[in-house]
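Position 1 is the first residue of the sequence; numbering continues from there. Owing to the predicted nature of the structure, the values given are computational and were not obtained by experimental measurement.
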Amino acid sequence: MPSPVAALATTAMLRRTDPVRGAVERLAQALPARADATVLLDFVEDDLREGLDALGDVQAHFHDLLQALQRDPLTPGALLNAGEDLHVLQRLEDLHEAVTHLRRRMSQAAGMIRRG
């Protein structure tokens, strides 16, 4: 069994290397110790990770578009290929869903803190 100091050091290191985990741990400290709060925390973590992942895919798409526009020659086919990305449209939907879920979950967390 790790010592309490080692456990704290590991938790602090995890927070620095995983900002989502750190944010969820901070929220956990503010919420009451109840089963519904634990479930809420799991959902918040999942939604944060999904939203950030989707955002990264959208950002990568725009980066790819910028690169395509800097290549020579600019041809109609190259432009059509660069702009056609059904995957990014799906990821935008995923991002919208994550933002919607997080809005609702933050409201739930705020209610739990107030009632404390």
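Take Glu45 and apply the side chain to side chain donor-acceptor pair (under 3.5 Å) test, not counting sequence neighbours, and it matches Arg21, Arg49. When the side chain to side chain donor-acceptor pair (under 3.5 Å) test is applied to Asp36, the partners found at least two apart in sequence or on another chain are Arg34. In terms of the side-chain contact (heavy atoms from CB on, under 4.5 Å) criterion, residue partners of Leu55 (sequence neighbours excluded) are, by chain and number, Leu95.
Among pairs with a residue in residues 64-80, none fulfils salt bridge (charged side-chain N to carboxylate O under 4.0 Å, His left out), at least two apart in sequence or across chains. Annotation: side chain to side chain donor-acceptor pair (under 3.5 Å) contacts involving residues 95-108, sequence neighbours excluded, comprise Asp47-Arg105.
A chain of hydrophobic side-chain contacts below 4.5 Å, direct or via other Ile, Leu, Val, Met, Phe, Trp or Tyr residues, connects Leu86 to Val58. Under a hydrophobic clustering in which Ile, Leu, Val, Met, Phe, Trp and Tyr are joined whenever their side-chain heavy atoms come within less than 4.5 Å, directly or via other members, Leu31 and Leu48 fall into the same cluster. In the hydrophobic clustering of ILVMFWY residues, with side-chain heavy atoms under 4.5 Å counting as a link, Met106 and Val20 come out together. In the hydrophobic clustering of ILVMFWY residues, with side-chain heavy atoms under 4.5 Å counting as a link, Val44 and Ile113 come out together.
Annotation: the span from Leu40 atom CG to Leu27 atom CG amounts to 6.5 Å, rounded to 0.5 Å.
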Mind listing the side-chain donor-acceptor pairs of residues 77-85 below 3.5 Å, one per line with the distance, residues two or more places apart or on another chain?
{"unit_1": "Asn81", "atom_1": "ND2", "unit_2": "Gly77", "atom_2": "O", "d": "3.3"}
{"unit_1": "Asp85", "atom_1": "OD1", "unit_2": "His87", "atom_2": "N", "d": "3.1"}
{"unit_1": "Asp85", "atom_1": "OD1", "unit_2": "Val88", "atom_2": "N", "d": "3.4"}
{"unit_1": "Asp85", "atom_1": "OD2", "unit_2": "His61", "atom_2": "ND1", "d": "3.1"}

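Around atom CD of Gln90, more than 12 heavy atoms belonging to other residues, nucleotides or ligands sit under 6.0 Å away.
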